[in-house]
Amino acid sequence: MTAIPIRAAEPADIDALLRIEEAVFPGDRLTRRNFRHAVRSPSLLALVAGTPGDVRGYVFVETRRGSRAARLSSLAVAPDAGRAGLGRRLVLAAEQGARDRGCDLIRLEVRADNAGAIALYERAGYRRAGAEADYYDDGETALRFEKTLPADAVADTR
């Protein structure tokens, strides 16, 4: 079985990204406008897992010039993609992209009730760095995680 490729997102991927977003998140969803911005923004690394016409997941990483910290702002894998390790591969690709942009720290927020995502991040070496109550539209708490990125590491996203 061939591994699903991870590549830069393109404008043609936006419809697929919206379908994944709607299937994965009950609220606080990104919009078409958000996805258009993500694909075009030089300060946002937008990666997708899949081929054109068959996108299975995505990850977005925000970086700022002069900052050594990146923010993993969104990650989603299509429910029908199964447990093929795409989430882990997308996290590794996000970390590599942050390192490539000169960052040595990556941060993220995750819903406190999203046990699967929390387990994914903890297995990837993220540590809990705080919480913020009433963060999401429905009042759910966000847990904050972060990870120091070693400069010499190279992610194996296969």
Side-chain angles (χ1 to χ4, degrees), residues 4 6-9 17-18 20-31 33-50 55-79 81-158:
I4 296 171
I6 296 177
R7 60 178 175 80
L17 295 173
L18 279 166
I20 293 169
E21 188 78 3
E22 290 169 3
V24 171
F25 298 113
D28 288 294
R29 291 183 184 137
L30 297 176
T31 64
R33 182 178 179 182
N34 296 135
F35 283 118
R36 272 197 313 265
H37 171 74
V39 169
R40 294 179 177 145
S41 174
S43 65
L44 203 145
L45 176 64
L47 301 173
V48 296
V55 175
R56 314 303 294 151
Y58 74 86
V59 65
F60 295 159
V61 179
E62 299 172 26
T63 58
R64 290 186 315 194
R65 190 175 314 185
S67 176
R68 308 271 303 163
R71 180 173 174 259
L72 192 158
S73 58
S74 192
L75 168 75
V77 174
R83 298 186 55 88
L86 280 184
R88 178 188 64 80
R89 290 181 54 228
L90 285 164
V91 167
L92 291 173
E95 292 171 0
Q96 186 63 54
R99 273 193 293 274
D100 291 347
R101 291 179 176 208
C103 296
D104 55 17
L105 180 71
I106 190 165
R107 296 181 172 126
L108 61 90
E109 296 85 30
V110 61
R111 289 178 63 94
D113 63 357
N114 190 341
I118 292 166
L120 169 69
Y121 296 130
E122 288 177 339
R123 281 191 308 270
Y126 287 76
R127 63 189 175 286
R128 189 164 162 187
E132 186 168 336
D134 199 29
Y135 183 86
Y136 294 97
D137 286 346
D138 65 357
E140 182 62 52
T141 296
L143 301 180
R144 297 186 187 282
F145 283 83
E146 62 183 33
K147 180 179 180 179
T148 301
L149 302 173
D152 59 348
V154 175
D156 179 4
T157 60
R158 288 177 289 166

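Keep in mind that this is a model prediction, so the values were computed, not measured.
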> Within the distance-only criterion (no hydrogens, no angle test), does the side chain of Thr63 pair as donor or acceptor with the backbone N or O of Ser43 below 3.5 angstrom?
Replying inline: yes

>> Are there over 12 heavy-atom neighbours, none belonging to Arg29, within less than 6.0 Å of that residue's CZ?
In response: yes

> Leu45: what forms a side chain to side chain contact (heavy atoms under 4.5 Å, CB included) with it, not counting sequence neighbours?
Replying inline: Leu47, Val61, Arg101

> Excluding sequence neighbours, so at least two apart, what forms side chain to side chain contact (heavy atoms under 4.5 Å, CB included) with Ala119?
Replying inline: Arg123

>> Applying the side chain to side chain contact (heavy atoms under 4.5 Å, CB included) criterion to Val48, which one of Leu90, Ile4, Leu17, Ile6 satisfies it?
In response: Leu17

>> Are the side chains of Leu108 and Leu75 in contact, using a 4.5 Å heavy-atom criterion?
In response: no

>> Closer than 4.0 angstrom, basic N to acidic O: yes or no for Glu122 and Arg128?
In response: no

>> Is it the case that the side chain of Arg68 and the backbone of Gly102 share a donor-acceptor pair, with hydrogens and angles ignored and the cut-off at 3.5 Å?
In response: yes

>> Rounded to the nearest 0.5 Å, what separates atom CG in Leu72 from atom CD1 in Ile106?
In response: 5.0 Å

> Mind checking what makes side chain to side chain contact (heavy atoms under 4.5 Å, CB included) contact with Arg33, not counting sequence neighbours?
Replying inline: Thr31, Arg36

> Which residue pairs pass the ring-ring contact (aromatic ring centres under 6.0 Å, His included) test when at least one of the two sits in residues 106-151, sequence neighbours left out?
Replying inline: Tyr121-Tyr126

>> Holding to side chain to side chain contact (heavy atoms under 4.5 Å, CB included), I want the full list of residues that pass it with Ala8, two or more places apart in sequence or in another chain.
In response: none

>> Arg111: which residues meet the side-chain hydrogen bond (donor to acceptor under 3.5 Å, both in side chains) condition with it, sequence neighbours left out?
In response: Asp113, Asp138

